[in-house]
Undergrad: 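One structure follows; several queries about it will come next.
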There are 2 protein chains.
Amino acid sequence: MSDPLALLPGYALRRASNAMMGRLAKALSVADLGIAEATVLMSIGERRDLKSSDLGRILDIRRANMVPLLKRLEDKGLIDRIPIDGKSRALVLTPPGKAVLREVLRITSQFEADLLARIPDEHRAHLLPALNCLWGEGTTE
Amino acid sequence: MSDPLALLPGYALRRASNAMMGRLAKALSVADLGIAEATVLMSIGERRDLKSSDLGRILDIRRANMVPLLKRLEDKGLIDRIPIDGKSRALVLTPPGKAVLREVLRITSQFEADLLARIPDEHRAHLLPALNCLWGEGTTE
DNA sequence: TATTGTTATACTCTATAACTATA
DNA sequence: TATAGTTATAGAGTATAACAATA
């Protein structure tokens with residue numbers, strides 16, 4: 001009942017991501033937030049110049065899929081939209097949104113610490129640079 | 001338009017997995033297979049003793065979610081089910097299923113090579129052991 | 001013309017609850 | 001009682017196509 005696919009880095013990447021994101025989702029559920037929602041709050045932060053389309057490019061989420069994601073956050077009263085011009089609006093955090101962001105930052109820093117603690121010393125420093133070679137320019141293409 | 005979240009290993013893990021799985025999905029689409037479907041074919045391989053519930057445990061897929069997944073493979077004529085007892089059936093590859101598996105193995109080995117090639121020499125050997133610390137026992141919990 | 005934002009739609013993956021039948 | 005398999009259902013995430021309005 002073992003798993004021979006564990007020798008494949010791509011398979012291990014998928015399993016590791018699924019397992020850790022499951023844990024993160026559980027941790028964020030106490031704030032009634034999904035992972036994508038929390039990521040949006042963290043990306044907006046103190047900024048007051050971020051458009052939906054900008055954020056989609058940063059997070060690699062398509063325009064059409066930003067709509068229900070931002071709508072959920074707006075319905076919860078966590079974000080607001082400030083007109084920039086007739087076509088675009090800047091995403092900003094509301095006061096409740098900033099309070100929730102502080103909780104999100106607390107949860108995620110705990111989560112990141114737990115993640116790193118699972119990795120033996122000799123491998124730990126290599127993980128982030130290795131992972132960051134797998135996305136960025138040209139990987140989505 | 002940069003992404004400060006890239007300093008978080010958890011975020012990088014999710015982005016790396018999404019990016020690479022997007023590439024793998026695209027590569028597998030020429031065989032008209034999803035990633036989960038391909039993983040099932042690879043897991044069955046030459047075995048003739050694997051039950052749906054066993055496979056679900058290995059791949060961390062719930063019983064209920066195995067049903068449509070296996071049904072798609074069965075509808076495509078790639079897997080068959082051999083009664084073990086009145087309650088269980090063994091999953092086996094059909095001859096067409098074995099042919100598709102060979103194509104899957106070709107695609108995935110190319111994919112794994114591409115993945116590793118993206119990582120600088122000094123980090124490469126650390127990736128698999130680090131990732132394998134993040135799933136296994138207790139991570140799903 | 002290109003970009004922004006939106007609607008509609010569909011597929012995959014995931015999760016839970018409840019049911020049947022067999023070990 | 002526990003396990004195997006199924007059905008139904010719901011929520012996310014992701015993908016495409018098409019449209020209106022603005023830069």
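The shown structure was predicted, so the numbers you read here are calculated from the model rather than taken from an experiment. So that the names make sense, note that chain A is the first sequence line, chain B the second, and so on, each numbered from 1.
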Undergrad: Hey, is the side chain of B:Arg57 poking within less than 4.0 Å of OP1 or OP2 on D:dA4, counting only N and O atoms?
TA: yes

Undergrad: If you look at every strand shown and take non-hydrogen atoms under 4.0 Å, does B:Ala36 touch a base, only sugar-phosphate, or nothing?
TA: sugar-phosphate

Undergrad: Does a side-chain N or O from A:Lys51 land closer than 4.0 Å to OP1 or OP2 of C:dT4, or not?
TA: yes

Undergrad: Rounded to whole Å, how long is the line connecting atom CE of A:Met66 with atom C1' of D:dA12?
TA: 15 Å

Undergrad: What pair of heavy atoms forms the shortest contact from A:Ala27 to A:Val30, and how long is it?
TA: O-CG2, 3.2 Å

Undergrad: D:dG5, D:dA15, C:dT7: which one has an atom nearest the side-chain heavy atoms of A:Asn65?
TA: D:dA15

Undergrad: In whole angstrom, give the distance that lies between atom CE of A:Met21 and atom C1' of D:dG11.
TA: 19 Å

Undergrad: Does any non-hydrogen side-chain atom of A:Arg63 lie less than 4.5 Å from one of A:Ser52?
TA: no

Undergrad: Roughly, in whole Å, what's the span from CG in A:Asp54 to C1' in C:dT3?
TA: 11 Å

Undergrad: Apply salt bridge (Lys or Arg N to Asp or Glu O under 4.0 Å) to B:Asp49 and list each qualifying residue two or more places apart in sequence or on a separate chain.
TA: B:Arg47

Undergrad: Does B:Val67 or A:Ile35 map to a spot on DNA chain D nearer the 5' end, using the closest nucleotide for each?
TA: B:Val67

Undergrad: Using whole Å, report how far CD1 of B:Ile58 lies from P of D:dA4.
TA: 12 Å

Undergrad: C:dA15, OP1 or OP2 - any side-chain N/O from B:Arg62 closer than 4.0 Å?
TA: yes

Undergrad: Please report the distance, rounded to the nearest Å, between NZ in B:Lys26 and P in D:dA15.
TA: 11 Å

Undergrad: Phosphate oxygens OP1/OP2 of C:dT6: is one of them under 4.0 Å from a side-chain N or O of A:Arg89?
TA: yes

Undergrad: Would you call the rings of A:His126 and B:His126 parallel, tilted or perpendicular, taking 30° and 60° as the class edges?
TA: parallel

Undergrad: Provide, to the nearest angstrom, the distance between the CG atom belonging to A:Leu24 and the P atom belonging to D:dG13.
TA: 11 Å

Undergrad: Quick one: on DNA chain C, does A:Ser52 or B:Ala64 contact a more 5' nucleotide (nearest heavy atom)?
TA: A:Ser52

Undergrad: Please list all pairs meeting salt bridge (charged side-chain N to carboxylate O under 4.0 Å, His left out) that have one or both residues in residues 78-96 of chain A, counting only residues at least two apart or in different chains.
TA: A:Glu74-A:Arg81

Undergrad: Hey, are A:Arg23 and A:Asp114 close enough for a salt bridge, meaning a charged N less than 4.0 Å from a carboxylate O?
TA: no

Undergrad: Just how far, in rounded Å, is C1' of C:dT12 from CG of B:Leu28?
TA: 14 Å

Undergrad: Between D:dT14 and B:Asn18, is there an OP1 or OP2 to side-chain N/O distance shorter than 4.0 Å?
TA: yes

Undergrad: Give, ordered by number, those residues of residues 69-88 of chain B having at least one heavy-atom distance below 4.0 Å to an atom of DNA chain D; if nothing qualifies, reply none.
TA: B:Arg81, B:Lys87, B:Ser88

Undergrad: Round to the nearest Å and state the distance from A:Arg63 atom CZ to D:dT14 atom C1'.
TA: 15 Å

Undergrad: Between A:Arg72 and A:Asp75 (salt bridge meaning N to carboxylate O under 4.0 Å), is one present in this structure?
TA: no

